[in-house]
Amino acid sequence: MTDLKTDEIRARVHEILAEQAMIDPASVTDESTPQELGIDSMGLVEAIFAIEEGFDITVPFNANAPEQSDFDISTVGAIVHAVERLVAAQK
Amino acid sequence: MSRRVVITGAGTVNALGRDVPSTLAAMRAGRCGIDTLQMRDADRLAIRIGAQVGGYDEADHFNRQEIALFDRYTQFAILAAREALEQAGLTFAGEAAARAGVILGTSGGGLTTQDDNYRAVYEEGKNRVHPFVVPRLMNNAAAAHLSMEWNLKGPSFTVATACASSNHAIGQAFQFVRAGLSDVMITGGSEAMLCFGGVKAWEGLRVMSGDTCRPFCATRSGMVQGEGAGIFVLESLDHARARGAEILAEVAGVGMTSDAADIVMPSREGAERAMESALRDARLAPEEVGYINAHGTGTAANDKIESAAIAHVFGRHADALAISSTKSMHGHCIGATGAIELLACIMALRDGVIAPTVNWRERDPECALDVVPNEAREARVTACLSNAFAFGGMNAVLALRAA
């Protein structure tokens with residue numbers, strides 16, 4: 001886990017979100033928002049659980065106040081960046 | 001046959017008190033029962049707060065044989081029922097027993113028993129459990145023990161609709177008495193979900209607050225779990241009058257609806273229909289309602305949608321209404337919550353005191369109603385509603401009138 005590069009993290013986050021949205025991973029871009037992919041608030045909670053399991057990290061996220069959580073979910077790219085930071089912090 | 005139905009006994013155990021007087025005193029004082037959770041493995045929890053019944057020792061109330069059979073949720077139900085039945089002054093024999101039953105709400109049933117025994121077999125590797133695990137954990141155990149303890153021989157069962165369980169149960173018991181199927185019904189709900197597995201499951205949903213419960217506040221951060229029981233004696237008005245019983249309040253109507261939409265997200269339309277249906281059933285004009293005990297969980301979604309629903313149902317009168325969420329004090333007691341919240345309704349109708357929404361700090365424009373922030377208020381209330389909007393989109397609203 002310690003040698004995860006940004007591209008690998010990106011690819012895995014895209015896969016997790018694609019699986020959640022039941023779409024092809026190729027149609028997920030960093031610019032997409034979860035809403036555009038068809039992921040609603042509970043879908044997001046489920047995707048974050050998959051991210052925690054997949055990367056063995058703990059994501060600080062409260063569905064009541066997503067904007068106040070220390071985990072940016074505004075776009076796919078923001079999620080990739082936030083995961084990267086958590087993976088790095090875990091080393 | 002349609003009879004008027006009244007409440008002649010009330011009992012409770014919850015984080016605010018071990019009986020009705022101490023609970024109402026805490027609500028009047030605006031005391032918050034939320035504190036650090038005390039339980040095994042609490043250090044492995046991400047959410048470490050809750051409204052527990054603190055300092056509770058089952059051995060103070062029950063003997064060895066009883067403890068072997070009574071899960072914590074059953075114990076709470078029995079203690080609350082004892083208070084309610086003592087107040088009502090009823091005993092049941094012969095035809096009176098056959099005409100009385102018990103309908104309780106619970107969501108988790110004997111969850112603590114399940115948690116303890118799963119731990120024994122999975123974590124500790126034991127290959128044997130106590131012989132009474134099944135009768136202890138079953139969802140109808142509390143109702144069954146109430147029927148046995150007080151010789152209630154009519155219809156008895158348990159209702160499980162998550163956070164609306166108690167309101168559905170009370171609504172059902174009300175209809176039994178109103179329709180003449182029973183003369184007396186014991187009803188309410190009980191929940192003891194504050195065990196490691198119970199809290200861990202809720203954590204997963206990411207709707208729990210890490211600090212406290214602030215319903216309708218702009219800074220609200222989610223729900224906080226509580227535990228306990230609320231039990232009531234319902235009987236027909238004629239039955240109560242004939243025996244000279246003191247009447248605490250009248251159950252005037254009930255409204256039940258289903259959103260048929262989403263398993264967790266509430267619906268404004270479903271909530272509105274439930275309130276409208278309760279008003280219609282109770283033959284209440286919206287203007288007659290002075291208080292609503294809100295579902296008010298403190299989640300982003302519920303409080304916004306409930307506020308909009310109240311504003312829509314009550315129109316201009318919504319601004320003249322007092323609305324409070326006592327979950328800010330006793331926590332969200334899940335399947336027992338409607339029953340414990342009914343105590344706040346009785347206090348409003350009987351004592352003219354409206355329980356506050358505590359921990360409130362800042363107005364949310366999306367919850368722009370009078371939420372009785374932080375301090376109890378004196379007011380003359382002749383009719384009120386108690387809302388419960390559950391996961392599963394199952395809603396039950398009770399309408400009450402002053403005695």
Side-chain angles (χ1 to χ4, degrees), chain A residues 1 12-13 15-23 32-76 78-90, chain B residues 43-49 162 199-225 259 261-267 295-307 325 327-328 332 359-362 364 366-367 391-393:
Chain A
M1 199 67 75
R12 283 170 60 182
V13 168
E15 265 171 43
I16 287 168
L17 295 174
E19 157 128 18
Q20 184 68 46
M22 296 187 286
I23 55 175
S32 322
T33 67
Q35 292 73 21
E36 283 165 5
L37 299 177
I39 299 176
D40 65 11
S41 62
M42 290 321 292
L44 198 58
V45 167
E46 211 184 338
I48 285 170
F49 168 70
I51 287 169
E52 288 183 317
E53 290 285 284
F55 292 95
D56 193 21
I57 55 175
T58 298
V59 174
F61 181 79
N62 181 337
N64 289 292
E67 66 288 346
Q68 284 161 33
S69 304
D70 192 21
F71 187 83
D72 187 354
I73 44 107
S74 55
T75 63
V76 172
I79 295 173
V80 171
H81 182 68
V83 170
E84 203 178 358
R85 202 162 44 82
L86 288 170
V87 169
Q90 188 198 42
Chain B
D43 58 318
R44 285 177 56 210
L45 293 171
I47 298 299
R48 295 183 186 175
I49 57 166
V199 178
K200 190 49 87 178
W202 276 103
E203 265 179 33
L205 209 47
R206 308 265 184 170
V207 295
M208 306 297 284
S209 171
D211 58 352
T212 194
C213 180
R214 309 178 189 286
F216 304 112
C217 175
T219 65
R220 66 187 180 276
S221 49
M223 56 176 273
V224 175
Q225 261 198 87
D259 298 342
D262 191 277
I263 194 71
V264 291
M265 282 300 285
S267 137
H295 190 54
T297 55
T299 61
N302 176 83
D303 294 2
K304 180 172 68 179
I305 287 168
E306 184 170 13
S307 297
S325 169
K327 287 187 179 74
S328 57
H332 192 335
N359 302 320
W360 189 93
R361 296 194 295 210
E362 194 183 321
D364 179 348
E366 289 193 291
C367 306
F391 277 3

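All values below were derived from every heavy atom in this structure, side-chain atoms included, with hydrogens, water molecules and symmetry-related copies excluded. Just so we're on the same page: letters track the sequence lines, and every chain starts at 1. If you're wondering where the values come from, they're calculated on a predicted model, not measured in any experiment.
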Part of A:Thr58 lying under 4.5 Å from any heavy atom of chain B:
neither

For A:Glu19, I'd like to know if atom CD has over 12 heavy atoms of other residues, nucleotides or ligands within 6.0 Å.
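Atom CD in A:Glu19 is not crowded, with 12 or fewer foreign heavy atoms closer than 6.0 Å.
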
Flag yes if more than 12 heavy atoms outside A:Phe49 fall under 6.0 Å of its CZ atom; otherwise flag no.
no

Check each atom of [X] against the heavy atoms of chain A and say whether the ones under 4.5 Å are side chain, backbone, both or neither.
X        : result
B:Val264 : side chain
B:Met208 : backbone
B:Leu205 : both

Find the one option among B:Ala46, B:Gly204, B:Ser221 whose heavy-atom pairs under 4.5 Å with chain A are most numerous.
B:Ser221

Which pair of heavy atoms, one from A:Pro60 and one from B:Arg206, lies closest together, and at what distance?
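Looking at all heavy atoms of both residues, the shortest contact is C-NH1, 4.5 Å.
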
Looking at B:Ser209, is its backbone amide N or carbonyl O close enough to the side chain of A:Asn64 to form a donor-acceptor pair, meaning the two atoms are under 3.5 Å apart?
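No.
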
